[in-house]
Engineer: 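Before I ask anything, let me first share the structure, which is written out below as structure tokens.
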4 protein chains.
Amino acid sequence: VGGVRVGVVGATGYSGVVATRLLAAHPSFELAFCTSDQRAGASVGRALGVPVPAGLTYAPNADAVSLAEGVDAVILATSAAVSSRLAPAIFCGEGLAGRVVVDLSGAFRLSTSADYTQWYALEHPRPDLLAHAHYGLPELFGPPVRARGEATLIANPGCYATAALLALAPLLRDGLVEARGLVVDAKSGVTGAGRQSKEEYSFAEIADDVRAYKLLAHQHTPEIARFLARAAGSSSSSSSSSSVGLTFTPHLLPVKRGILATCYARPRGGADAAALEACLARAYAGSAFVDVVPPAEVTLAGVVGTNRARVGVTANDDVVIVLASIDNLLKGASGQAVQNLNLAFGLDEGAGLLSLARSSG
Amino acid sequence: VGGVRVGVVGATGYSGVVATRLLAAHPSFELAFCTSDQRAGASVGRALGVPVPAGLTYAPNADAVSLAEGVDAVILATSAAVSSRLAPAIFCGEGLAGRVVVDLSGAFRLSTSADYTQWYALEHPRPDLLAHAHYGLPELFGPPVRARGEATLIANPGCYATAALLALAPLLRDGLVEARGLVVDAKSGVTGAGRQSKEEYSFAEIADDVRAYKLLAHQHTPEIARFLARAAGSSSSSSSSSSVGLTFTPHLLPVKRGILATCYARPRGGADAAALEACLARAYAGSAFVDVVPPAEVTLAGVVGTNRARVGVTANDDVVIVLASIDNLLKGASGQAVQNLNLAFGLDEGAGLLSLARSSG
Amino acid sequence: VGGVRVGVVGATGYSGVVATRLLAAHPSFELAFCTSDQRAGASVGRALGVPVPAGLTYAPNADAVSLAEGVDAVILATSAAVSSRLAPAIFCGEGLAGRVVVDLSGAFRLSTSADYTQWYALEHPRPDLLAHAHYGLPELFGPPVRARGEATLIANPGCYATAALLALAPLLRDGLVEARGLVVDAKSGVTGAGRQSKEEYSFAEIADDVRAYKLLAHQHTPEIARFLARAAGSSSSSSSSSSVGLTFTPHLLPVKRGILATCYARPRGGADAAALEACLARAYAGSAFVDVVPPAEVTLAGVVGTNRARVGVTANDDVVIVLASIDNLLKGASGQAVQNLNLAFGLDEGAGLLSLARSSG
Amino acid sequence: VGGVRVGVVGATGYSGVVATRLLAAHPSFELAFCTSDQRAGASVGRALGVPVPAGLTYAPNADAVSLAEGVDAVILATSAAVSSRLAPAIFCGEGLAGRVVVDLSGAFRLSTSADYTQWYALEHPRPDLLAHAHYGLPELFGPPVRARGEATLIANPGCYATAALLALAPLLRDGLVEARGLVVDAKSGVTGAGRQSKEEYSFAEIADDVRAYKLLAHQHTPEIARFLARAAGSSSSSSSSSSVGLTFTPHLLPVKRGILATCYARPRGGADAAALEACLARAYAGSAFVDVVPPAEVTLAGVVGTNRARVGVTANDDVVIVLASIDNLLKGASGQAVQNLNLAFGLDEGAGLLSLARSSG
């Protein structure tokens with residue numbers, strides 16, 4: 001009663017399920033609706049095994065915009081192609097003034113139409129709105145701000161981008177590493193790819209295997225580069241920003257959840273390990289969710305199941321190695337979405353998130 | 001403020017960690033102390049990554065009894081040998097009247113000194129107290145009752161026993177299966193064995209392997225038999241009760257958490273699948289935690305991460321197959337301990353437990 | 001040169017790949033052809049990464065019968081529906097006299113048309129040939145015998161059936177256990193289900209999960225019952241033989257390969273553990289592949305990667321527990337097929353099989 | 001009869017077991033002895049489950065030198081500390097002229113005493129012998145050469161070094177990448193660490209986790225640098241060769257076997273992806289074991305269980321990414337040892353190795 005009402009579109013994908021659960025257990029949010037074509041009509045409570053408002057069932061995705069009328073905020077756990085149409089429909093919808101839209105897809109993270117053609121093979125229907133989206137990585141770029149009576153569009157960061165940016169952005173911002181020659185070697189659990197019914201994602205194919213994929217072609221590359229450039233102070237408007245030189249290599253791990261990003265940079269101005277660690281410590285001093293730890297403690301086990309990130313750094317004269325680990329479905333997706341909603345509605349940043357316990361002991 | 005104060009002894013084993021986290025996030029309990037010889041002096045909050053009372057550090061185990069003076073309840077996440085001495089010290093301790101002790105070990109689950117000699121290789125120091133212990137499986141044997149001014153000793157059920165009893169006890173109680181010829185073929189994740197530093201529990205030895213162990217010799221056998229006999233209405237005093245005939249075979253799985261018990265019995269009085277399922281449905285109709293589902297849905301994935309149990313049954317003329325699955329560290333240990341404490345202190349049975357989400361989507 | 005020429009139909013499924021590799025490395029067999037619609041035209045050597053005859057490519061499945069003209073034996077790694085048509089075409093084919101057909105499917109393991117309707121939902125096209133098939137479990141039912149100038153049809157046993165029969169058949173044959181009330185609780189890795197592109201077999205769904213499936217309905221049930229009955233000396237003609245009472249429950253494990261069958265029976269005539277173990281030791285005294293070990297050593301790790309089986313037994317007055325473990329793709333499928341071919345062609349039973357090393361240390 | 005006689009010292013560690021099995025199944029080698037303090041007196045055949053010479057039992061490690069008298073070659077599957085003493089004792093031993101010693105440890109891979117103090121915390125007892133060791137990576141540095149009547153000492157490469165060198169060395173040799181700023185981000189299965197009885201290597205701690213370790217401090221770093229420098233044509237005598245600039249970061253994966261090395265370099269002289277791939281193709285054109293494949297096919301699954309390596313490369317104007325994958329116990333240890341012995345004794349390089357099949361389909 002009196003809570004902020006939030007709906008989830010695409011509520012039965014992996015990040016949609018996590019978003020639904022976080023909302024259902026949240027002290028200040030009310031789970032107002034869920035949509036899913038796959039399970040339309042089914043009971044949400046039975047599907048999730050946690051308490052939800054009595055009688056709540058999945059609505060069809062086509063009802064998303066009309067359902068948005070009755071809520072304060074909507075989380076879009078949909079593909080970039082779907083979000084690129086649905087987010088504008090809510091953001092600009094008649095009678096929908098003031099809604100907050102958090103988009104988990106990449107549809108509003110880049111800055112130009114050309115970026116979407118190149119990296120997402122998507123003709124973006126509303127490139128004019130790209131400049132209106134707030135990139136929702138609050139530790140680096142601040143909280144989303146709602147303007148009275150206006151809608152708010154939050155581009156929730158990609159899972160790889162969250163890890164890479166938490167690791168590298170403070171060092172770039174403080175000028176401790178070179179902006180050229182950055183390498184992000186990232187390893188991800190399989191839920192990062194969403195629900196899969198291809199043989200290549202079957203247990204027998206994934207178990208015991210590790211591989212790199214989409215080399216030099218992953219769509220999170222321009223997102224990472226764009227916001228590293230922003231951290232570095234560049235005013236470049238292109239998201240494949242020429243001010244930073246980035247190589248990003250994602251790998252697929254035989255685990256369900258978690259991302260570990262091992263990042264390499266060249267030290268600048270004689271920065272040593274102590275200076276680098278001090279920079280990270282300052283950057284995250286007031287952070288509810290980011291822990292600066294020795295690099296060997298930047299593990300998946302330390303963060304999976306939580307909205308926390310771990311970052312750690314070491315260096316010698318030639319190289320800086322900075323690592324970050326997150327749960328791709330929480331800090332890398334739905335947990336961060338709830339964190340953004342907490343901030344947008346003036347709640348404590350950690351509401352409904354801080355007590356999440358690690359899956360590992 | 002005003003909450004029930006609870007301490008955890010042995011707080012850095014797998015079930016101790018889970019108990020600590022549940023208490024830290026509980027709406028009505030206050031985490032009052034944690035003991036651990038291994039981590040004595042270290043910060044509890046830093047070890048767990050969740051909010052705990054400021055400044056809380058691990059005390060040495062030797063302080064357990066004196067720390068019990070300042071609390072309302074204590075969870076013993078200790079071995080049977082330790083619990084068999086520590087639980088009496090608190091239960092009968094001077095100035096400790098009214099304390100509630102929940103013992104996660106098997107030290108107070110059997111009924112005779114001889115049982116402990118045989119099954120635990122333990123000369124039980126206080127067999128006189130065995131009759132005072134409440135067996136804390138509330139769905140089958142009711143809530144623990146605190147008598148004013150008296151201490152309460154709750155023998156928290158074993159993980160295998162919880163699964164086996166939830167599956168079989170209602171059918172025995174209603175006379176739908178024979179009490180002889182029961183088979184419990186149970187499969188457990190490795191955390192059931194606690195923290196391990198033996199090579200045989202190393203990743204390289206456990207991964208990809210499955211095996212049975214302690215055939216005809218596992219210490220949960222007499223516990224299961226005793227409480228199946230109680231459900232069947234036997235007044236037998238021995239825990240290796242002759243009124244039921246039980247074969248129990250545990251297996252070790254290459255997973256971290258979860259127990260699946262596949263139980264076989266002979267139908268009695270023409271009981272068919274519908275009658276058996278109706279029996280389970282009646283037994284758990286009012287239960288907050290036990291779900292009766294089709295047998296193919298009795299999975300680890302459906303319960304791990306939660307305090308829930310799933311049970312399902314099928315049958316033909318010759319055999320009844322009834323299955324149960326639980327998370328061994330939650331419904332099979334620390335979750336059930338908190339459930340028992342909720343009931344003992346007059347709280348909602350599900351407080352601090354119902355919103356736990358499955359580890360799997 | 002001068003070797004026995006063998007072809008594989010369905011050579012890119014999991015058991016087809018294993019069969020192909022075993023033939024390629026076999027000292028006396030020559031890999032003569034491979035068929036696969038999925039990879040037709042592709043190089044076999046490149047697909048497998050082992051040396052094969054130069055230039056060998058996958059032929060389409062439709063060529064199987066004509067290719068059979070040029071070989072001595074064919075392994076059918078095809079479904080029961082396909083095998084039920086293809087095996088007769090080769091077995092009775094004009095100009096194909098003398099061919100040996102080893103069928104890995106269940107199409108020739110049962111004895112009546114009605115069995116196939118009930119358990120395989122298959123109208124068997126050639127029930128007249130069922131009586132001609134040799135059930136290829138040589139340790140229990142002897143080697144396949146080739147009659148000069150006649151074709152030979154070998155029904156290669158199912159993976160679950162191999163494990164269950166190796167465990168129970170000797171005890172039944174020697175009258176040490178009752179034929180009624182048998183329980184086979186079996187656990188299998190996911191490759192037993194073949195290549196899968198369903199979401200339910202995706203890594204994210206299978207990892208960390210365990211479940212029972214096809215309760216009281218698995219198609220290996222009548223196969224196990226039929227050959228247990230044969231071992232028990234029954235002359236019953238029906239494969240769902242009323243002379244034995246069998247409950248079979250398969251479970252799906254989060255491992256790639258291996259089956260563990262935990263079997264329960266009632267002891268007969270005062271058989272104790274020593275008598276039971278002596279029975280198994282006698283049964284497998286001359287066996288190249290079956291090891292009788294203590295029950296705790298009947299593990300997946302001990303057999304996966306090899307054509308070996310492990311069996312072990314224990315008992316008390318009320319119950320006999322006998323376990324068997326095998327690699328489902330080797331002793332449970334293609335390894336046993338090669339073993340049958342070795343015997344059919346008068347070679348050493350272990351040729352090309354004995355040096356296979358365990359996947360685990 | 002007439003075969004080359006080979007013994008294994010330390011035969012029950014993971015690489016010792018693999019070496020023993022390869023020798024037992026080898027067409028031209030005879031497994032002459034095995035030592036293991038842990039299993040001294042036990043039957044080798046029973047431990048391994050493969051045919052070995054009748055009656056062979058494990059001898060104590062202390063017998064290694066005297067047993068060497070009766071053989072042609074010895075594989076040392078021992079630690080660097082043990083090998084640094086044992087290899088000289090055999091290499092220089094009276095009456096042992098002509099023996100071939102293959103050392104799986106790092107004891108003879110570096111060039112100076114100081115290197116061992118720094119990287120292995122080892123006061124090397126025989127730095128004078130370092131210059132006599134042949135670094136046994138035949139694809140890059142040629143076959144070991146036996147001089148008549150003299151002993152031969154082969155330093156078998158480290159697992160990480162094998163992967164990193166196969167990926168980078170040809171590109172450096174041909175001047176296609178800069179020698180400075182090299183990054184090797186490597187991921188390894190847990191058997192790389194040998195048998196472990198620490199809690200941190202327990203299944204419950206390793207499963208689902210990934211982490212970097214020994215950052216900037218792993219002992220394979222100077223080995224990789226030394227032989228990259230050799231490939232680059234440097235005449236530097238120091239193994240922490242200043243001619244190349246290398247950052248090496250190992251990571252621990254929740255898999256048993258396999259290494260994936262993802263290597264980053266700066267292109268030189270306008271080298272593009274086609275030129276780089278052509279370089280690798282030339283380098284490995286005649287290789288029995290190294291396959292040049294597209295980078296997305298450089299997987300663990302493609303090599304684990306075999307002595308093969310996969311390498312693949314891609315590039316843009318700023319960066320070259322070259323990957324290699326191997327089985328750490330085969331091409332990264334015992335398989336390569338057998339390959340070196342094959343070459344040393346004039347056999348086909350692939351003898352006993354080429355038919356090893358992938359563990360994965």
Side-chain angles (χ1 to χ4, degrees), chain A residues 11-27 45-52 77 190-191 194-195 207-208 254-257 288-291 293 297 299 301-310 327 329-330 334-335 348 350 352-361, chain B residues 11-27 31 45-52 77 190-191 194-195 207-208 254-257 288-289 291 293 297 299 301-310 327 329-330 334-335 348 350 352-361:
Chain A
T12 53
Y14 290 129
S15 55
V17 164
V18 171
T20 307
R21 284 191 169 134
L22 290 174
L23 294 173
H26 197 283
R46 198 164 304 151
L48 297 190
V50 293
V52 300
V190 295
T191 54
R195 294 195 187 277
D208 305 333
V255 303
K256 288 160 104 167
R257 287 165 79 153
F289 292 116
V290 183
D291 297 313
V293 300
E297 295 178 18
T299 62
V303 298
V304 167
T306 79
N307 196 54
R308 309 192 76 81
R310 290 188 173 185
D327 183 321
L329 295 180
L330 286 162
S334 299
D348 186 278
L353 295 171
L354 275 177
S355 65
L356 292 172
R358 290 198 288 267
S359 303
S360 294
Chain B
T12 52
Y14 289 128
S15 55
V17 164
V18 171
T20 307
R21 284 193 168 132
L22 290 174
L23 294 172
H26 197 282
L31 179 62
R46 197 164 305 150
L48 298 189
V50 293
V52 301
V190 295
T191 54
R195 292 195 186 278
D208 306 332
V255 303
K256 286 160 105 167
R257 287 166 79 154
F289 292 116
D291 298 312
V293 300
E297 295 177 18
T299 62
V303 298
V304 168
T306 80
N307 195 53
R308 308 192 77 81
R310 289 188 173 185
D327 183 321
L329 295 180
L330 286 163
S334 300
D348 187 277
L353 295 171
L354 276 177
S355 65
L356 292 172
R358 290 198 288 268
S359 304
S360 294

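Protein chains get the first letters and strands the later ones, always in sequence-line order, with residue 1 at the start of each.
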Engineer: Which heavy atom of B/Ala47 sits nearest a heavy atom of A/Arg358, and at what distance?
Structural biologist: O-NH2, 2.7 Å

Engineer: Where is the tightest heavy-atom contact between B/Ala357 and A/Arg21, given as atom of each residue plus distance?
Structural biologist: CB-CD, 3.3 Å

Engineer: Between B/Leu356 and chain A, which part of the residue has a heavy atom less than 4.5 Å away: side chain, backbone, both or neither?
Structural biologist: backbone

Engineer: What's the shortest heavy-atom distance between A/Arg308 and B/Gly49, and which atoms?
Structural biologist: CD-O, 3.8 Å

Engineer: Could you pull out the closest heavy-atom pair between A/Pro51 and B/Ser355, with the gap in Å?
Structural biologist: CD-CA, 4.3 Å

